[in-house]
Chemist: 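My questions will all concern the structure given below.
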Number of protein chains: 2
Amino acid sequence: MLNTVQIKEKINQAGERLTPQRIEILKYLRSVTCHPTAEIIYTEVKKNIPTISLGTIYRNLIYLVTKGYIIQFQNNDNITCYDGNPKDHIHFICQKCNKVHDIFETPTIDKAKFDKLGIINKVEYKVFGVCTECNQ
Amino acid sequence: MLNTVQIKEKINQAGERLTPQRIEILKYLRSVTCHPTAEIIYTEVKKNIPTISLGTIYRNLIYLVTKGYIIQFQNNDNITCYDGNPKDHIHFICQKCNKVHDIFETPTIDKAKFDKLGIINKVEYKVFGVCTECNQ
DNA sequence: AAATTACTAGTAATGATTATCAATAACTAT
DNA sequence: ATAGTTATTGATAATCATTACTAGTAATTT
């Protein structure tokens, strides 16, 4: 996992600025294993930067997703969730409690089939079901 | 592909009613290979049932998804799209033109890994990229 | 240290989706 | 067939996650 210095090195590029807000959002997402919504990230980052606004959260999340530092996906209620681990993996989403579990396995697909269709930028694998806790 | 009689047989169950609106929405989705939004479905079904309302479209789409007659997923703009083919398959989504291509292949995953987590109800595989047409 | 401009905070606007409710019509039982 | 039950519809209002806007601020460059 990247430390703050590494984040600084990685995130800063020509024409882009390294703001405390941007660092804090990425640091938070890298520090948790859950898959928070923008609203939750807002609540949590606010503890360290009380004046941060929700718009800043959204803007930076878009930035971090675009840059590939984090992953985004929609949960069962179609709310966008974020994952600080950008490595391809499967999300198991409980349809009752909406909790998300990571499965660190990449399904094997026939890449050749996609070559005709175009260039692949990212994949998203979701599995919906009911977790063991909710299935009592 | 189901014909109208088969749809009637399949769709009607105790406590549920077979309305012309419901039939028409399913018939439309079964007749196309594209992946329309609720708005597009509204426009198309309206040609046959001019008085149908958008709320009825949404309500029946939820019904059809719940029953497993159709599939839903979010496109690159996070708008819900619908697929009249409920068989598991991969969606290749162009990030430029938002067009969706079907890949009739099911990635193999280690089901055992999910047994610990809970019961699987459905899977959703999406691949984002740029289609050959947009990549000129 | 000054200049440039990407970024922020605060707020308003957007728009897909859901909720509401009286009227209707699909189904059931007689 | 007919009447009764209630799932569904049409129309409209409400919701709320997300985006747009703007003047002020601060990160970076020169």
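Fair warning: this is a prediction, and the values are worked out from it, not measured in the lab.
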Chemist: How sharply is the helix from C/dA1-D/dT30 to C/dT30-D/dA1 bent, taking the axes over five pairs at either end and rounding to 10 degrees?
Modeler: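 Terminal axis comparison yields 50°.
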
Chemist: Taking the six-membered ring for Trp, are B/H91 and B/H101 closer than 6.0 Å centroid to centroid?
Modeler: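 Between B/H101 and B/H91, which both carry aromatic rings, the centre distance is not below 6.0 Å.
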
Chemist: With the criterion being N/O to N/O and under 3.5 Å, what pairs connect the protein with nucleotides 1-5 of chain C, and how long is each?
Modeler:
unit_1, atom_1, unit_2, atom_2, d
C/dT5, O2, A/R17, NH1, 2.8
C/dT5, O2, A/R17, NH2, 2.9

Chemist: Taking only the side-chain nitrogens and oxygens of B/Q21, find out if one of them lies under 4.0 Å from OP1 or OP2 of D/dG10.
Modeler: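 So the side-chain polar atoms of B/Q21 do come within 4.0 Å of the phosphate oxygens OP1 or OP2 of D/dG10, strictly under.
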
Chemist: Once you apply a heavy-atom cut-off of 4.0 Å, does A/I62 come out as touching a base, just sugar-phosphate, or nothing?
Modeler: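 Sugar-phosphate, backbone atoms only, no base.
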
Chemist: Roughly how many Å is it from CD1 in B/I57 to C1' in C/dA16, rounded to a whole number?
Modeler: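 B/I57 atom CD1 is separated from C/dA16 atom C1' by 14 Å.
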
Chemist: Which part of the nucleic acid, if any, lies within reach of B/T80 when heavy atoms closer than 4.0 Å are counted: base, sugar-phosphate only, or nothing?
Modeler: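 Contact class for B/T80: sugar-phosphate only.
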
Chemist: Under 4.0 Å between any heavy atoms, over every strand shown, what does B/P20 touch: base, sugar-phosphate, or nothing? Just pick one.
Modeler: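 Sugar-phosphate, backbone atoms only, no base.
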
Chemist: CD of A/E24 versus C1' of D/dA26: gap in Å, rounded?
Modeler: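 Result: 17 Å.
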
Chemist: Just the table, please: protein N/O against nucleotides 19-21 of chain C N/O, every pair under 3.5 Å.
Modeler:
none

Chemist: Looking at C/dA26, I'd like to know if its phosphate oxygens (OP1 or OP2) sit under 4.0 Å from a side-chain N or O belonging to B/T19.
Modeler: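 Looking at the OP1 and OP2 atoms of C/dA26, neither is under 4.0 Å from any side-chain N or O of B/T19.
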
Chemist: Rounded to the nearest angstrom, tell me the gap between atom CZ in A/R22 and atom C1' in D/dA26.
Modeler: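 Taking atom C1' of D/dA26 as the reference, CZ of A/R22 is at 13 Å.
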
Chemist: Identify whether any heavy atom of A/N78 sits under 4.0 Å from a base atom; if not, whether one sits that close to sugar-phosphate; answer base, sugar-phosphate or nothing.
Modeler: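 No contact at all - A/N78 keeps every heavy atom at 4.0 Å or more from the nucleic acid.
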
Chemist: Return the value, rounded to whole Å, for the distance between atom CG of B/N60 and atom P of D/dT9.
Modeler: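 Atom CG in B/N60 sits about 4 Å away from atom P in D/dT9.
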
Chemist: Return the value, rounded to whole Å, for the distance between atom CG of B/N76 and atom P of C/dA16.
Modeler: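 Atom CG in B/N76 sits about 15 Å away from atom P in C/dA16.
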
Chemist: To the nearest Å, how far apart are A/I79 CD1 and D/dC16 C1'?
Modeler: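 Atom CD1 in A/I79 sits about 8 Å away from atom C1' in D/dC16.
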
Chemist: Would you give the length of the straight line joining atom SG of B/C94 to atom CG of B/N76, rounded to the nearest 0.5 angstrom?
Modeler: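 It comes to 8.5 Å.
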
Chemist: Please check the phosphate of D/dT19 (OP1 and OP2 only) for any side-chain N or O of A/Y58 closer than 4.0 Å.
Modeler: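 No, no such contact exists.
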
Chemist: Rounded to the nearest Å, what distance is computed from the OH atom of residue B/Y42 to the C1' atom of nucleotide D/dA11?
Modeler: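 Rounding to the nearest Å, OH of B/Y42 and C1' of D/dA11 are 10 Å apart.
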
Chemist: Using the rule side chain to side chain contact (heavy atoms under 4.5 Å, CB included), only one of B/N85, B/I90, B/D88 pairs with B/F104; which is it?
Modeler: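 The side chain to side chain contact (heavy atoms under 4.5 Å, CB included) with B/F104 is passed solely by B/N85 among B/N85, B/I90, B/D88.
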
Chemist: Would one find a side-chain N or O of B/T56 under 4.0 angstrom from OP1 or OP2 of D/dG10?
Modeler: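 The answer is yes; a side-chain N or O of B/T56 sits under 4.0 Å from OP1 or OP2.
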
